There are 2 protein chains.
Amino acid sequence: MKSIPKISETEWEVMKVLWTASPLAAGEIIARLTAQDEAWHPKTAKTLLSRLVKKKALGFEKDGRAYLYHPLVKEADCVKAASDSFLDRVFGGSLTPMLAHFVERKKMSSEQIRELKRLLDRKE
Amino acid sequence: MKSIPKISETEWEVMKVLWTASPLAAGEIIARLTAQDEAWHPKTAKTLLSRLVKKKALGFEKDGRAYLYHPLVKEADCVKAASDSFLDRVFGGSLTPMLAHFVERKKMSSEQIRELKRLLDRKE
DNA sequence: ATGAATCGATTACGCCCGTAATCGAATGAG
DNA sequence: CTCATTCGATTACGGGCGTAATCGATTCAT
């Protein structure tokens with residue numbers, strides 16, 4: 001039973017970069033973060049990298065003086081953990097009301113609707 | 001545009017009690033919390049009530065020496081805020097992959113499946 | 001080779017959170 | 001009346017988080 005370390009809001013942004021491509025050096029990670037959101041300060045990103053290493057969400061190998069970081073936890077596992085936690089917390093663990101919440105108030109293209117129905121059909 | 005105060009994990013439990021029934025005195029709130037989960041310490045619950053008042057998630061009226069607490073934010077608004085935040089954070093705001101995630105890996109009764117399909121039909 | 005730039009490590013700091021204990025006022029029991 | 005109980009308010013405290021600056025070591029440019 002692997003226990004997923006708790007990954008905070010901003011840390012999650014960093015993880016997403018490394019789930020998309022890894023291993024990467026800090027500089028490259030920061031480049032990709034600022035590409036999406038101007039407001040990223042390099043020092044802040046470095047701090048988050050250190051914290052993620054400390055909590056064993058990231059590992060690294062040395063490449064000369066620099067580090068190449070890579071995920072130690074799988075995105076799918078983190079998504080599952082976050083999803084289950086959300087479902088419990090906000091909807092008391094009840095799946096259908098949660099799904100209904102989104103279906104009822106989010107716009108969906110008919111394409112998306114068909115897609116989802118197909119998934120439901122396959123479940124029965 | 002009402003800005004929903006940020007409600008933490010344990011604070012959410014307290015809010016749920018008051019969304020279910022209000023106004024309630026602290027003692028009654030604590031009784032309902034411990035009814036669901038033995039581990040609630042009264043002092044802790046009091047602290048949370050104070051914090052929720054301070055952040056304007058709860059209001060109260062005095063009933064003699066005691067307070068009767070009631071929500072100042074609607075459950076629906078908090079659920080919406082938490083849901084949107086979850087969707088953005090974990091699924092980058094993409095609805096269908098999020099719905100697919102749950103539909104694909106949670107058990108659903110055929111009743112639940114039909115229910116959800118019905119909602120989808122009504123959307124088209 | 002010497003100063004500037006860069007790297008990760010360490011330190012900083014204020015706020016939130018979970019978890020309570022303490023305090024002063026008021027009330028209830030006897 | 002007086003003491004114990006109970007109320008909300010205040011204080012506590014260690015850890016996480018967002019945000020970053022500083023430090024010591026190394027490397028790069030000139």
Side-chain angles (χ1 to χ4, degrees), chain A residues 3-18 23-31 33-34 36-70 73 78 81-82 85 88-90, chain B residues 3-18 23-31 33-34 36-70 73 78 81-82 85 88-90:
Chain A
S3 72
I4 305 296
K6 242 191 51 184
I7 294 171
S8 81
E9 184 85 18
T10 51
E11 286 166 355
W12 195 282
E13 293 303 310
V14 176
M15 292 304 293
K16 275 202 282 201
V17 169
L18 285 158
L24 293 180
E28 178 60 23
I29 295 168
I30 292 167
L33 287 171
T34 53
Q36 311 175 317
D37 179 349
E38 211 50 50
W40 273 96
H41 192 299
K43 299 291 192 180
T44 301
K46 298 286 194 82
T47 299
L48 296 177
L49 285 170
S50 298
R51 286 183 183 167
L52 285 166
V53 168
K54 180 160 37 170
K55 63 173 75 168
K56 297 187 195 307
L58 293 181
F60 62 84
E61 304 155 60
K62 286 175 196 141
D63 174 29
R65 176 164 63 137
Y67 287 1
L68 294 182
Y69 296 90
H70 60 91
V73 291
C78 290
S85 153
D88 279 355
R89 173 186 157 73
V90 178
Chain B
S3 73
I4 306 296
K6 243 190 52 182
I7 294 171
S8 80
E9 185 85 18
T10 50
E11 286 166 356
W12 194 281
E13 293 302 311
V14 176
M15 292 304 294
K16 275 202 283 201
V17 169
L18 284 158
L24 292 180
E28 178 59 24
I29 295 168
I30 292 167
L33 287 170
T34 51
Q36 311 175 318
D37 179 350
E38 211 49 52
W40 274 97
H41 191 299
K43 299 292 192 180
T44 300
K46 297 287 194 82
T47 298
L48 295 177
L49 285 170
S50 299
R51 286 183 183 167
L52 285 166
V53 168
K54 180 160 37 172
K55 61 173 75 168
K56 297 185 196 306
L58 292 181
F60 62 84
E61 303 154 61
K62 287 175 196 142
D63 174 28
R65 177 164 63 136
Y67 287 2
L68 295 182
Y69 296 90
H70 60 90
V73 291
C78 290
S85 154
D88 278 356
R89 175 185 155 73
V90 178

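Computed from a predicted model, the values in this text were never measured in an experiment. Here is the naming used below: chain letters follow the sequence lines, and residue numbers restart at 1 for every chain. No hydrogens, no waters, no symmetry mates; every other heavy atom, side chains included, goes into these values.
The CG atom of B:Leu33 sits 13 Å away from the P atom of C:dG18 (whole-angstrom rounding). With rounding to whole Å, A:Leu24 atom CG is found 13 Å from C:dG8 atom P. Rounded to whole angstrom, the span from the CH2 atom of A:Trp12 across to the P atom of D:dC17 amounts to 13 Å. In this structure, NZ of B:Lys6 is placed 11 Å from P of D:dC17, rounded to the nearest angstrom. Computed from coordinates, the B:Leu52 CG to C:dC16 P distance equals 13 Å when rounded to whole Å. Taking atom CG of residue B:Leu49 and atom P of nucleotide C:dT19, one finds them 15 Å apart after rounding to whole Å. Taking atom CZ on B:Arg89 and atom C1' on D:dG18, their separation rounds to 14 Å, with Å as the unit. Look at CD1 on B:Ile30: it is 12 Å from P on D:dT6, rounded to the nearest Å.
Rounding to the nearest 0.5 Å gives a distance of 11.5 Å between CD1 of B:Ile30 and CG of B:Leu24. Taken from OH in A:Tyr67 to NZ in A:Lys62, the straight-line distance is 5.0 Å, to the nearest 0.5 Å. Taking CG of B:Leu58 as the start and CG of B:Leu68 as the end, the distance is 12.5 Å to the nearest 0.5 Å.
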Practice task
Verify side chain to side chain contact (heavy atoms under 4.5 Å, CB included) between B:Leu33 and B:Ile29, making sure each step is shown before the conclusion.
Solution key: CA-CA 6 Å; B:Leu33 287 170; B:Ile29 295 168; 4.1 Å; yes

Check: protein-nucleotides 9-12 of chain C nitrogen or oxygen pairs below 3.5 Å:
unit_1	atom_1	unit_2	atom_2	d
C:dA9	OP1	A:Tyr67	OH	3.0

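Nearest-nucleotide assignment on DNA chain D puts the 5′-proximal partner with A:Thr44, out of A:Thr44 and A:Gly64. Place B:Leu48 and A:Arg65 on DNA chain C by their nearest nucleotides, and A:Arg65 ends up nearer the 5' end.
One finds no side-chain N or O of A:Thr10 lying less than 4.0 angstrom from the OP1 or OP2 phosphate oxygen of D:dT19. For the pair B:His41 and C:dA21, the criterion of a side-chain N or O lying under 4.0 Å from OP1 or OP2 is met. Proximity of B:Ser8 to the phosphate of C:dC16: no side-chain N or O atom is located under 4.0 Å from OP1 or OP2.
Every residue two or more places apart in sequence or in another chain was checked for a ring-ring contact (aromatic ring centres under 6.0 Å, His included) with A:Trp40, and none qualifies.
Using a 4.0 Å heavy-atom cutoff across all strands shown, B:Lys62 reaches no nucleic acid atom at all. No engagement by B:Lys54 is indicated, since no non-hydrogen atom pair under 4.0 Å with the nucleic acid exists.
The shortest non-hydrogen separation linking B:Lys55 to B:Lys6 is NZ-O, 2.8 Å. Here the closest non-hydrogen pair linking A:Arg89 and B:Glu9 is NH1-CA, 2.9 Å.
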